[in-house]
Amino acid sequence: MRLSPRIPGRGCLQAARFFATSVATPRIPQTIIEKVVQKYSVSLPDGKIVKAGDYVMIRPEHVMTHDNTGPVISKFKSIGAKKIFDPRQAVFTLDHDVQNKSDKNLAKYANIEAFARAHGIDFYPAGRGIGHQVLVEEGYAFPHTLTVASDSHSNMYGGVACVGTAIVRTDAAALWATGKTWWQVPRMVKVEFRGKLAPGVTGKDVIVALCGSFNNDEVLNAAIEFTGEGVSALSIDDRLTISNMTTEWGALVGVFPVDDTLLSWYESALTKLEQRTFASKSVPPPPEHPRINRRSLDALRATNLTSDLGAQYSSHLIFDLSTLVPHVSGPNSVKVSTPLPKLESQQIAIQKAYLVSCTNSRVSDIAAAASVVEGKKVAEGVEFYVAAASSVVQAEAEKLGHWNKLIAAGAKVLPAGCGPCIGLGTGLLEEGETGISATNRNYKGRMGHPKAQAYLASPAVVAASAVKGFICSPNSLDATSLPPAGAPVFSIASGSSDAAEVPQAEEPLFPGFPAAFSGRLLFAPQDNLSTDALYPGKYTYQDDITLERQAQVVMENYDPSFAGNVATILPSLSASDESTKSGVVLVSGYNFGTGSSREQAATALKAAGVPLVIAGSFGDIFKRNAINNGLVCLECPELVADLTATYAKGGARGAGGREGELTVDQGHEIRVSMTDGNVTLRGPDGEKTYKVRTVGASVQELWVCGGLEGFILKSIR
């Protein structure tokens with residue numbers, strides 16, 4: 001639903017599509033992603049060529065917020081801003097808690113709509129669909145543009161060659177107020193697809209297998225460019241699914257090229273848009289769509305971007321699609337993927353099945369599931385939940401007859417929205433239950449009880465499992481047409497390696513920033529500790545929750561005793577001098593804070609008395625949330641390795657404590673100097689020193705200001 005007329009020319013790429021910084025013909029080769037970021041970077045020095053690793057100020061084409069628009073409004077107002085810098089840039093889509101009909105939630109939704117009306121912002125109400133799907137359908141995510149969203153699955157826009165990446169709520173408020181925010185350009189990774197998928201193998205199988213095959217942080221915090229002969233045979237729905245789950249793979253961006261397949265898809269989309277308002281060809285044509293129109297498609301054909309010869313990539317991964325069989329992810333981890341024929345032999349019973357989410361609830365997905373259940377019934381003792389990715393998708397599925405086939409089989413219909421995928425509403429997994437889902441995440445506790453088991457698979461496999469009552473393949477899958485049921489063929493191209501780290505320049509401390517952090521060390525011996533583990537989803541949309549309450553529930557899904565232990569330790573700590581910040585220092589493994597974009601995962605740790613987190617590596621969204629909220633994050637693989645060898649079970653990464661404890665406390669005291677990066681660890685076995693790369697002046701200033709919100713307030717004043 002559009003609440004305000006668009007400004008003429010907005011749909012024209014030449015007129016307003018890009019916020020470009022003019023640059024002469026690049027002398028330094030760039031990837032296509034770097035070229036798009038170049039277009040949207042502002043205030044660059046003359047002649048500056050944007051490359052991976054650069055910190056740039058960006059002015060994205062669009063910024064989407066969903067149910068978290070309410071807290072963003074609060075932040076926007078608290079900053080002191082009164083006017084949206086560019087109302088055309090913002091998009092509101094209500095999609096997460098759409099089943100919640102309580103007076104409180106309805107009032108929240110009404111307030112968001114009223115704010116949109118007051119400021120002339122495009123608004124899509126509950127029931128229209130999941131925001132990411134809406135942005136693709138309505139052209140906010142468009143090829144060769146940069147669109148951001150306050151949600152971790154904005155990577156999905158890469159399926160239509162749009163550079164989509166996640167921001168956090170505070171970033172969204174900054175964008176509303178100023179039209180821009182900061183971003184560090186990720187390292188570039190090329191993923192080359194070879195061969196062609198066998199019949200019955202889908203894009204979901206591709207990304208599930210990628211997550212399980214390259215599961216050693218090969219793409220962590222990277223921008224992925226998909227290339228190779230195998231791309232052309234992938235449908236756009238498959239590409240959207242793959243790009244969507246590059247988030248779970250650990251990447252920040254996942255972009256497919258503009259090719260004939262995409263251009264044909266847009267021609268079809270344009271025809272549908274032109275016909276959806278009027279049923280007859282005898283009446284005048286409808287108004288031109290502001291973003292997907294003949295002019296924008298012609299401009300795309302005329303100015304298609306590609307990566308330069310000699311563009312640099314930190315790694316080149318190769319994956320042979322022709323060797324892939326259907327795969328299943330889990331249980332409770334996207335890093336574990338198993339060929340379906342191997343898992344099927346175990347006949348793992350399920351109690352719930354889900355065809356929902358922005359990952360796999362488009363028309364082709366619904367059609368695949370409908371063909372499996374046609375003439376059959378959902379197995380006794382199984383609940384099969386379905387929700388379309390959008391109202392447009394559901395309407396088309398109904399028109400084609402797919403939707404009614406699912407209902408006739410006994411599927412339970414949910415409104416177009418996130419629902420069970422985010423752990424909200426009807427049909428969540430109960431304790432001891434097992435579920436299979438076409439969604440994107442199966443983290444412990446995300447879709448229901450922490451003691452439930454969750455698997456991920458393609459829509460056809462989910463539907464077949466719902467009918468038979470255990471994880472299995474559809475009857476239509478012809479085993480003779482599949483390659484051998486083993487691991488797919490994949491490799492890292494010889495000569496691929498991470499770019500050398502640039503030495504850190506010495507900088508004086510920003511006035512007011514601590515010279516050191518010190519305190520008791522607590523060690524969580526786990527990799528991929530997700531934001532769901534750090535801050536449970538059931539609290540995420542309680543907008544009135546206090547920092548004190550956040551501190552009480554921090555890490556609840558991982559270690560329920562963590563918050564109490566921290567509260568017990570804090571009274572015994574004291575800084576050695578005024579320039580030192582004391583508190584509990586949390587150390588954990590790799591990809592710390594992976595998962596959703598909820599910023600409470602950072603604010604809850606800080607509120608609990610954890611001013612510093614040290615990890616082997618961080619999920620980028622979590623790190624961004626932390627920086628924006630004044631929580632310092634440092635990487636020290638050597639410290640993590642030593643603690644793992646000494647205190648983790650079997651000395652192995654991600655195995656938990658050697659005594660079975662979730663959080664290890666051996667009484668270590670730690671001090672981290674922010675001037676030279678020296679880390680001093682004192683414990684039962686004596687003293688040892690390590691080295692970290694400290695944070696720069698820009699991050700220090702944000703800390704002094706209490707975070708990005710305070711920094712913007714300072715700037716406005």
Side-chain angles (χ1 to χ4, degrees), residues 30-37 50-53 132 141 143-149 152-166 183-194 203-232 234 236 238-259 262 305-308 311-321 324 334-335 337 359 440 488 490-493 496-499 591 594-595 617 619-621:
Q30 289 177 299
T31 68
I32 186 174
I33 296 169
E34 290 167 338
K35 288 181 178 181
V36 172
V37 177
V50 171
K51 296 290 291 180
H132 302 306
H144 300 161
T145 66
L146 172 62
T147 286
V148 302
S152 57
H153 287 106
S154 47
N155 293 30
M156 188 181 104
Y157 313 150
V160 291
C162 169
V163 177
T165 196
W183 194 49
Q184 184 180 21
V185 185
R187 64 188 179 98
M188 301 289 143
V189 171
K190 178 188 293 186
V191 175
E192 179 185 353
F193 288 143
R194 295 179 179 176
K204 184 58 163 279
D205 300 307
V206 173
I207 189 60
V208 165
L210 284 171
C211 289
S213 300
F214 297 104
N215 58 4
N216 291 309
D217 296 341
E218 288 90 346
V219 301
L220 182 63
N221 297 337
I224 297 171
E225 178 184 340
F226 291 105
T227 67
E229 61 178 342
V231 168
S232 61
L234 293 172
I236 301 307
D238 279 338
R239 298 181 192 187
L240 289 167
T241 297
I242 294 169
S243 289
N244 181 290
M245 282 190 64
T246 57
T247 302
E248 280 65 44
W249 198 13
L252 305 180
V253 176
V255 175
F256 281 85
V258 172
D259 59 6
L262 181 63
L305 296 176
T306 58
S307 293
D308 295 326
Q312 294 181 331
Y313 299 88
S314 68
S315 189
H316 178 184
L317 312 182
I318 301 171
F319 191 86
D320 190 341
L321 299 176
L324 181 65
V334 295
K335 298 291 185 179
S337 64
T359 312
N440 44 39
F490 61 94
S491 62
I492 300 177
S496 296
S497 63
D498 290 336
N591 202 18
T594 185
S617 62
D620 190 79
I621 298 175

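Counting begins at 1 with the first residue of the sequence.
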Q: Counting N and O atoms only, with roles assigned by atom type, does the side chain of Thr594 sit under 3.5 Å from a partner on the main chain of Asn591, one being a donor and the other an acceptor?
A: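 Not a single qualifying donor-acceptor pair exists.
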
Q: Tell me whether Glu34 is salt-bridged to Lys51, with the criterion being a basic N under 4.0 Å from an acidic carboxylate O.
A: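 Looking at Lys51 together with Glu34, the answer is yes, because their closest N to O distance falls below 4.0 Å.
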
Q: Going by atom types alone, do Asp259 and Ser232 pair a side-chain donor with an acceptor below 3.5 Å?
A: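 Note: Asp259 and Ser232 side chains miss the donor-acceptor criterion.
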
Q: Less than 4.0 Å between a side-chain N and a carboxylate O, is that true for Glu192 and Lys190?
A: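 Salt bridge absent between Lys190 and Glu192.
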
Q: Is the shortest side-chain heavy-atom distance between Thr145 and Val163 below 4.5 Å?
A: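 Counting from C-beta outward, Thr145 and Val163 never come under 4.5 Å.
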
Q: Given 3.5 Å as the limit, does a donor-acceptor pair link the side chain of Glu218 with the main chain of Asn216, or not?
A: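 It does hold such a pair.
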
Q: Is the closest basic N to carboxylate O distance between Asp308 and Lys35 below 4.0 Å?
A: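 Yes, Asp308 and Lys35 are salt-bridged.
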
Q: So, do Val37 and Trp183 sit near enough that their side-chain heavy atoms are less than 4.5 Å apart?
A: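 Touching, per the 4.5 Å side-chain cut-off.
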
Q: How far apart are the closest heavy atoms of Ala161 and Val255, and which atoms are they?
A: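 Shortest heavy-atom separation between Ala161 and Val255 comes out as CA-CG1, 4.0 Å.
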
Q: Yes or no on side chain to side chain contact (heavy atoms under 4.5 Å, CB included) for Ile236 and Val160, after CA distance, side-chain angles and deciding distance?
A: CA-CA 7 Å; Ile236 301 307; Val160 291; 4.0 Å; yes

Q: Which heavy atom in Gly203 sits nearest to a heavy atom in Ile242, and how many Å separate them?
A: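 Taking every non-hydrogen atom into account, O-CG1, 3.4 Å.
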
Q: Give a yes or no answer on whether the side chain of Arg239 reaches the backbone of Leu234 with a donor-acceptor pair at less than 3.5 Å.
A: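 A pair under 3.5 Å: yes.
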
Q: Report the distance from atom OG1 of Thr359 to atom CG of Leu240, rounding to the nearest 0.5 Å.
A: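 Going from the OG1 atom of Thr359 to the CG atom of Leu240 covers 10.5 Å.
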
Q: Applying side chain to side chain contact (heavy atoms under 4.5 Å, CB included), run through Thr246 and Leu252 and close with a yes or a no.
A: CA-CA 7 Å; Thr246 57; Leu252 305 180; over 6 Å; no

Q: Step by step, work out the side chain to side chain contact (heavy atoms under 4.5 Å, CB included) result for Ile318 and Ile492.
A: CA-CA 6 Å; Ile318 301 171; Ile492 300 177; over 6 Å; no

Q: How far does OG1 of Thr227 sit from CG of Leu317, to the nearest 0.5 angstrom?
A: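 Between atom OG1 of Thr227 and atom CG of Leu317 there are 10.0 Å.
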
Q: Ignoring hydrogens and geometry beyond distance, is a side-chain donor-acceptor pair present between His132 and Asn244 at under 3.5 Å?
A: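 There is no such pair between these side chains.
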
Q: Search all heavy atoms of Ser337 against all heavy atoms of Ala209 and return the closest pair with its distance.
A: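 Heavy-atom minimum between the residues: OG-CA, 4.0 Å.
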
Q: Would a distance-only check, ignoring hydrogens and angles, find a side-chain to backbone donor-acceptor pair under 3.5 Å from Ser243 to Gly254?
A: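 Side chain of Ser243 to backbone of Gly254, a donor-acceptor pair under 3.5 Å: yes, one is there.
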
Q: I need the Ile33 CD1 to His144 NE2 distance, nearest 0.5 Å.
A: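 So the gap between those two atoms works out to 10.5 Å.
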
Q: Could you state the interatomic distance from OG (Ser617) to CG (Asn221), rounded to the nearest 0.5 Å?
A: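 Answer rounded to 0.5 Å: 7.0 Å.
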
Q: Could you tell me whether a side-chain N or O of Thr241 sits under 3.5 Å from a main-chain N or O of Lys204, the two making a donor and an acceptor?
A: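 No; judged by distance alone, with no hydrogens or angles, the pair does not exist.
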
Q: Take the angle between the ring planes of Trp249 and Phe214 and call it parallel below 30°, perpendicular above 60°, tilted in between.
A: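 Geometry flag for Phe214 against Trp249: tilted rings.
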
Q: When rounded to the nearest 0.5 angstrom, what distance separates CG in Asn215 from CG in Asp217?
A: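 Asn215 CG to Asp217 CG: 9.0 Å, rounded to 0.5 Å.
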
Q: Give a yes or no answer on whether the side chain of Thr165 reaches the backbone of Val253 with a donor-acceptor pair at less than 3.5 Å.
A: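 Such a contact is absent between Thr165 side chain and Val253 backbone.
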
Q: How far apart are the closest heavy atoms of Asn440 and Glu248, and which atoms are they?
A: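 In terms of heavy atoms, the two residues are closest at O-CG, 3.0 Å.
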
Q: Walk me through whether Phe226 and Phe319 qualify under side chain to side chain contact (heavy atoms under 4.5 Å, CB included).
A: CA-CA 11 Å; Phe226 291 105; Phe319 191 86; over 6 Å; no

Q: Given side chains that start at C-beta, do those of Tyr157 and Leu146 come closer than 4.5 Å, heavy atoms only?
A: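 No. Closest side-chain heavy atoms not under 4.5 Å.
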
Q: Are the side chains of Val231 and Pro257 in contact, using a 4.5 Å heavy-atom criterion?
A: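 The answer is yes, as the side chains (C-beta and beyond) meet within the 4.5 Å cut-off.
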
Q: Got Asp205 and Val208 here, is their nearest side-chain heavy-atom distance under 4.5 Å?
A: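 When only atoms from C-beta onward are counted, Val208 and Asp205 do not touch, as no gap falls below 4.5 Å.
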
Q: What heavy-atom pair brings Leu321 and Gly230 nearest, and what distance separates the two atoms?
A: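 Between these two residues, the closest heavy atoms are CD1-O, 3.7 Å.
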
Q: Determine whether a donor-acceptor pair (N or O, by modelled atom type, separation under 3.5 Å) exists between the side chain of Ser154 and the backbone of Val148.
A: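 No; zero donor-acceptor contacts below 3.5 Å.
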
Q: How close do Ala52 and Pro186 get, counting heavy atoms only, and between which atoms?
A: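 In terms of heavy atoms, the two residues are closest at CB-O, 3.1 Å.
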
Q: Sub-3.5 Å donor-acceptor pair from the side chain of Asn155 to the main-chain atoms of Ala251, do we have one?
A: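 Yes; at least one donor-acceptor contact below 3.5 Å.
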
Q: Looking only at side chains, do Ser307 and Glu225 share a donor and an acceptor under 3.5 Å apart?
A: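 Yes, a side-chain donor-acceptor pair sits under 3.5 Å.
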
Q: Just how far is it from atom CE of Met245 to atom SG of Cys211, taken to the nearest 0.5 Å?
A: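 Here the interatomic distance stands at 5.0 Å.
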
